[in-house]
Amino acid sequence: MDKSLKFYTYLVLILFALASIYPLFHVFITSFKQIDEYIENRVFPPSRWVLDNFKVAIEQGHLLYYFRNNVILIPTAMLLYLFVCVTAGFAFGRLRFRLRLPLFLTTLFLMIFPQMLLSLQIFNICNKLYLTDTYLGVILVWTAYFAPFGTYIMATFFSSIPYEIIESARVDGASTWRILTQITTPMALPMLGFLIIIGFQSMWNELPFSLLLLQSMEKRTVTLGVAMVQGQYGIADPLRAAVIVLASSIPILVFLFFQKYITTGTFTGSLKG
Amino acid sequence: MALKIPNSKTQEKMDLNAPVIPNGLKPRKRKSLQAQESRDAYLLITPLLLLTFVFIFFPMVSNFFYSLTDWRGFGGLNWIGLENFRTMIQDERFWQSIKNTLILLLFIPLGVFIPLCLAALLRGGLKGWKFFRAVIYLPQVLGYVILGMIYNLFLRSNGPLNSLFEMVGLQSWALDWLNRPLLALLSLGTVYGVFLRIGFGTIYFLAAMGGVDEHLYEAARVDGAGWWTRFWHITLPSIRFNIEFLVVMSVIENVARAFSFIYTFSRGGPGYSTHTLEYSLYTLGFTNGRIGYASAWSVILFFVCAVIAVMQIRLMRWNDG
């Protein structure tokens, strides 16, 4: 590669890297700034780094409640989500039945509809089933909404498993359930990892459903609680920044931990052409 | 970022003729095994069907029913025929929401082109490309609620962006990005429609480009083709499907996934200037409590999404050969 091309390439990359990271960086340094200082100094790092904003955010922002709720909600919803995606994905990917194609296409069709389009009526239904303001309601709605995509991923994966493997197990008298749990699911473990990552990201960041279903403060998720903070007037920006930093910490940690997995060919098998 | 669709090659091959049951078995045994397999399949998809029926399919159908009523969320409801639809087409907010949604779509070409270029640059394998890839993707993990807050803070009239402009002597660039109707919409388009597409788009294209035959590039290099020629004549045609796919996905993100971002970025304001069709459902249904009327809007949004969904599925299957 010649020199000037290399120079411009780096220039463009650095520019975009800065553009994508700077707003985040700004929020990070602002969260350590004293409220008075932020009025004068918006751009530069704080002259004195303080933790006051975090203290206030945790004490008055009920953040600990929200984190507790996420710890309850997400793992439970995740188990249900994995169960639904793996069972349905296996059926669509590797079993033969008459309504397979129409049902599979319907599942794909359902993936696109916006949460807001459904929320009004979901709220209505949950009200009738006594599911509003309960963890169970959110868990069921999340699973229902996110499972079609997960099912699609799993179906894609399972359909790539050679038939011979399943056939020979069948000849040996293994039941479908046994084939699923002892042969194909162990083969799908890397895919399950991917499923857990996207499931986690979808659920952690979900707003419309939790906004409508979780009315009381004690039940709110982190994302919902943070969104509510945004709606309140008279909250100083450094305080807002501290709330953002606390709420982002977990997704960022997850990203750093799985960085290679997420950004490389990712789910290579399913993304590569 | 709920939707990431794999490329075709590894995708579901819908060959219904493949042998299901080993051929060596006796016919009767085969038949019973086939019936068993079919029964098991229905059992396995029951959890999915049950959940999606109750929480997705049924709500969707209910929208059609309530759109013909004047229900306000509690108490009785009256059957009012197409009255809601008549009110809707005379409602200025309806047309503004549609206009806003369409304007957001205009940002898609840029939101697809930039990731394409970045992916092509990163593919060159310069030192440190993995670092750039990670940094460019990083904002994506935060989710739209947090990103909306971050960019709201960033673009305020007294925020850091304007402070930066003033520091370098560009006072006239320091605009009130979020409080002027048209400017707020353009800010939304630039941030949501372009900036927030970059992270995923780049790694998506990068993965797709990894599948392009390396010999094509070598041959082109031997023929003396420059960087741009190779990009235009080899890379682009090779990943055409992925480009089309990202365009459709961007349409979905703009039409059907923007609520969370708008909620914290601009709250649909000032006035109705950043209300998309989707966001208006929230204002009408929950802030104003006009469920019947909001359902009429939902019906329109349903048809818009249905068209996009059919496009998407056709693209996936058509590419499947």
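A note on names: the letters A, B, ... follow the listed sequences, proteins ahead of strands, and every chain is numbered from 1.
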#### Entry: CD-CZ distance between A:Gln115 and B:Phe259, expressed to the nearest 0.5 angstrom
9.0 Å
## Note on the structure
Turns out that what part of A:Leu103 lies under 4.5 Å from chain B's heavy atoms comes down to side chain
### Query
Ignoring hydrogens and geometry, is there a side-chain-to-backbone donor-acceptor pair from A:Arg42 to B:Asn158 under 3.5 Å?
yes
### Region of B:Val54 in contact with chain A, defined by heavy-atom distances below 4.5 Å
both
### Query
Would a 4.5 Å heavy-atom cut-off, applied to side chains only, mark A:Thr176 and B:Leu44 as touching?
yes
### Summary
chain B shares the most heavy-atom pairs under 4.5 Å, among A:Ala147, A:Ala88, A:Ala241, with A:Ala88
### Query
Does any heavy atom of chain B fall under 4.5 Å from the side chain of A:Phe158, the backbone, both, or neither of them?
neither
### Query
Would you say the side-chain atoms of B:Glu278 pair up with the backbone N or O of A:Met116, donor to acceptor, closer than 3.5 Å?
no
### Task
Heavy atoms only, distances under 4.5 angstrom: which of A:Phe109, A:Trp204, A:Phe83 has the most pairs with chain B? Name it, please.
A:Phe109
### Query
Under the 3.5 angstrom rule, does the side chain of B:Arg257 hit a backbone N or O of A:Ile112 as a donor-acceptor pair?
yes
### Query
Side chain, backbone, both or neither: which part of B:Met167 has a heavy atom under 4.5 Å from chain A?
side chain
### Query
Given a strict heavy-atom distance threshold of 4.5 Å, which part of B:Leu49 is in contact with chain A: side chain, backbone, both, or neither?
side chain
### Task
Could you tell me the separation between the CZ atom of A:Arg100 and the CD1 atom of B:Ile45, rounded to the nearest 0.5 Å?
10.5 Å
### Top of A:Leu207, A:Val226, A:Leu80 for chain B proximity - count of heavy-atom pairs under 4.5 angstrom
A:Leu207
### Query
Given that the side chain runs from C-beta out, which part of B:Tyr42 has a heavy atom under 4.5 Å from chain A: side chain, backbone, both or neither?
side chain
### Summary
So, the part of B:Leu277 with a heavy atom under 4.5 Å from chain A: the answer is neither
### Query
Side chain, backbone, both or neither: which part of B:Ile114 has a non-hydrogen atom closer than 4.5 Å to chain A?
side chain
### Task
Among A:Pro148, A:Pro23, A:Pro251, A:Gly199, single out the residue with the greatest number of heavy-atom pairs under 4.5 Å to chain B.
A:Pro23
### Task
Could you tell me whether a side-chain N or O of B:Asn63 sits under 3.5 Å from a main-chain N or O of A:Leu117, the two making a donor and an acceptor?
yes
### Query
Relative to chain B, which segment of A:Leu224 carries a heavy atom at a distance below 4.5 Å: side chain, backbone, both, or neither?
neither
### Query
Is chain B contacted by the side chain of A:Thr107, its backbone, both, or neither, given a heavy-atom distance below 4.5 Å?
side chain
#### Entry: Contacting region of A:Cys85 [heavy-atom separation from chain B under 4.5 Å]
neither
### Query
Can you tell me how far the CG atom of B:Leu142 sits from the CD1 atom of A:Ile250, to the nearest 0.5 Å?
12.5 Å
### Task
Mind checking the CD1-CE spacing from A:Ile122 to B:Met60? Nearest 0.5 Å is all I need.
10.5 Å
### Summary
Cut-off 4.5 Å, heavy atoms of chain B, and the answer for A:Met203 is neither
### Task
Please state whether the side chain, the backbone, both or neither of B:Arg156 comes within less than 4.5 Å of a heavy atom of chain A.
side chain
### Task
Return the set of residues passing side-chain contact (heavy atoms from CB on, under 4.5 Å) with B:Phe286 (not counting sequence neighbours), or none when no residue passes.
A:Leu120, A:Leu212, B:Tyr282
### Task
Supply the atom-to-atom distance B:Ile56 CD1 to A:Met111 CE, rounded to the nearest 0.5 angstrom.
10.5 Å
### Message
Given heavy-atom pairs under 4.5 angstrom as the criterion, report whether the side chain, backbone, both or neither of A:Leu180 touches chain B.
### Response
side chain
### Task
Below 4.5 Å from any heavy atom of chain B, which atoms of A:Phe200 appear? Answer side chain, backbone, both or neither.
neither
#### Entry: Rounded distance [0.5 Å steps], CZ in B:Phe55 versus CG in A:Leu118
11.5 Å
### Message
Between B:Phe302 and A:Phe113, is the ring centroid distance below 6.0 Å?
### Response
yes
### Message
Is it the case that atom CZ in B:Phe131 sees more than 12 heavy atoms from other parts of the structure closer than 6.0 Å?
### Response
no
### Message
Is A:Leu24 in contact with chain B via its backbone, its side chain, both, or neither, using a 4.5 Å heavy-atom distance?
### Response
both
#### Entry: Residue part contacting chain A, namely of B:Tyr151, when any heavy atom lies under 4.5 Å
side chain
### Query
Tell me, side chain or backbone of B:Ala35 under 4.5 Å from chain A's heavy atoms, or both, or neither?
neither
